[in-house]
Amino acid sequence: MQDRLLGWFDRHQRVLPWRARKGRRPDPYHVWLSEIMLQQTTVVTVGPYFEKFLKKWPSVQKLAAASQDEVLAAWAGLGYYARARNLHKCAQAVTNDYGGVFPDTEEGLLELPGIGPYTAAAIASIAFDVPATAVDGNVERVVSRFFSIEEPLPASKKTIREKAAQLAKGVSRPGDFTQAFMELGATVCTPRKPKCGLCPWKDDCAARRKGNAEELPRKLAKAAKPVRYGKVFWLSDGKGRFLIHKRAGQGLYGGMYQLPTTEWITDRKAAAKLPAPFQETIKPCPLGESVRHSLTHFDLVLEIWTAKAPRAGTVKGLEEACWIHSENIGDYGLPTLMRKAIGLCAGL
DNA sequence: TATCCGTGGCG
DNA sequence: TCGCCAAGGAT
C-alpha cells in the first residue's frame, strides 16, 4: 500500500512553491509558514501569500522582528486572522525560546502557538522526516472511503485517525508519505467526481467496491447561517483622506483595521437606527449602497453611510483613528469585507 | 463536545 | 443562487 502510494506520488506530485526539490530536505521555516497558511485555505489562494511573506521575511527571525500590524497587513485577505496573530507569536517563540530552530518532534511543535495536532504531525514528517500521521480533510476523505466508514464526521474522527496511523505505520519516507496521502485526496480522491480509475489504492478501496465513494465521508448537517446587519461609515476630510481604526481584541477581525462601524446584529430593525453619537457629531447620510459579505457563522449586510467629518476623532471609540489615502490601503490590515466597502466609496 | 473564526472557487 | 469545502486551531 505504502509503496504504491509513494510510487504514484513520485510520478504525479504537483510543483508547489513550498515543496523542496527532489532529494533535498525542505526548509522547516518554509514548511511551517505554508502549513499555517494552508489551514482551511486552498493551495491556489496561498501561493502568492507564501511568496510575498518569504520575500518580505526570509527567515523566522525576520518575521519575529516585524510588528503585528505589518504581519496582519501582509496577511489581509487570507482570512482567519488568529492564524496570523499566532504565526507572529510562534515566530517570536521560536526565535527567542528555541534559538531560531524549530522543534523536530510532534510534541515539541505542539507547544507552539497556532500549531495543533495536524500541523505538528505535518511539520514533523515533512520538514524532519520523522514518522507522524497528519490527518487533514483530504486524509479523512481518503480513509473514510478506503475503509467505507459510514459513521458521519465528526464522530468518526477517532476511527479515521487510527486507520490513517495504521496505513502510515513503518513507512520508509514519512515526509513524502504525509504529502502523498494529502495529495491523493486533493487530486484523485476528490469530494466530487473522484477519479477512482487513477487511484493507486483502487484495488483495495472498500467504497469503490460498493460504488458509494462520492457519498463518503458522511457529515452531520450544519446549522443555518443567520444574517447580521449594520452600518459602515465613509468619513472623509475633504482632502482625499478617509478614516479607519483598529479593532480590538482577539475575536472576529481582531487587530485588523476597519471603517468605523456599528455593531453587527441580527435584529434588522435595531440595526436600522443610527447611533446617537454619530447622529449628533457626524451627521452622516446613507449612500444607498450596501456591502454583502459571507463569514463562517453568519452573512453580513452593511449599509454604507457617508459624511465629511474632519472632527470624527472626537467621537467615542474613534480617538485612535487615522486618516489615510485610498492608495495606501495596502499598508493596513484591512480585511476583504472592508476593501469591498472602500472600493464602493473610493472616488466619492 | 461545540462554537467561533474568513475567504474564494466550483458545480 | 447556494451549499460545499479547503494541508484546522483555540477556547
TODO: Could you state the atom-to-atom distance from CG of A:Asn86 to C1' of B:dC5 in whole Å?
DONE: 11 Å
TODO: Verify whether one side chain among A:Lys210 and A:Ser148 offers a donor that lies under 3.5 Å from an acceptor in the other.
DONE: yes
TODO: Using the six-membered ring of A:Phe298, assess whether NZ or CZ of A:Arg228 lies under 6.0 Å from its centre and within 45 degrees of the ring axis.
DONE: yes
Task: Distance-only donor-acceptor check, side chains A:Tyr257 and A:Asp69, under 3.5 Å - done: yes
- [ ] Assign the ring pair A:Phe50 / A:His30 to parallel, tilted or perpendicular, where the plane angle (0 to 90°) is split at 30° and 60°.
- [x] perpendicular
Open item on the list: Using the P atom as the point on both nucleotides, what is the distance between C:dA7 and B:dG11, in whole Å?
Closed with: 15 Å
Task: Residue closer to the 5' end of DNA chain C, A:Ile115 versus A:Lys222 (nearest nucleotide) - done: A:Lys222
Task: Between B:dT7 (P) and A:Ile36 (CD1): distance, integer Å - done: 18 Å
Open item on the list: Between A:Thr296 and A:Val44, which residue's closest nucleotide on DNA chain B lies nearer the 5′ terminus?
Closed with: A:Thr296
Task: Aromatic ring pairing A:Phe177/A:Phe181, orientation class (parallel under 30°, perpendicular over 60°, tilted between) - done: perpendicular
TODO: For A:Asp136 and C:dG9, give me the distance from atom CG to atom C1', rounded to whole Å.
DONE: 14 Å
Task: Spacing of the C1' atoms in B:dT1 and C:dT11 (rounded, Å) - done: 12 Å
- [ ] Determine: side-chain N/O of A:Tyr80 to OP1/OP2 of C:dA10, distance under 4.0 Å, yes or no.
- [x] no
Open item on the list: Closest-nucleotide mapping onto DNA chain B: is A:Arg85 or A:Lys193 further toward the 5' terminus? I mean the 5' end.
Closed with: A:Arg85
Open item on the list: With the six-membered base ring of B:dC5 as reference, does the ring of A:His297 sit under 5.5 Å away with planes under 30° apart?
Closed with: yes
- [ ] In whole angstrom, give the distance that lies between atom CG of A:Leu16 and atom C1' of C:dA7.
- [x] 10 Å
TODO: Could you check how far CG of A:Leu153 sits from C1' of C:dC5, rounded to whole Å?
DONE: 12 Å
Open item on the list: Please report the distance, rounded to the nearest Å, between CH2 in A:Trp264 and C1' in B:dC5.
Closed with: 12 Å
Task: Phosphate OP1/OP2 of C:dG8: any A:Gln40 side-chain N/O under 4.0 Å - done: yes
Task: Donor-acceptor pair under 3.5 Å, A:Thr41 side chain vs B:dG6 base - done: yes
Task: Rounded interatomic separation in angstrom, taking CG from A:Leu337 and C1' from B:dT7 - done: 11 Å
Task: Distance, rounded to the nearest Å, where A:Glu35 contributes CD and C:dA7 contributes P - done: 10 Å
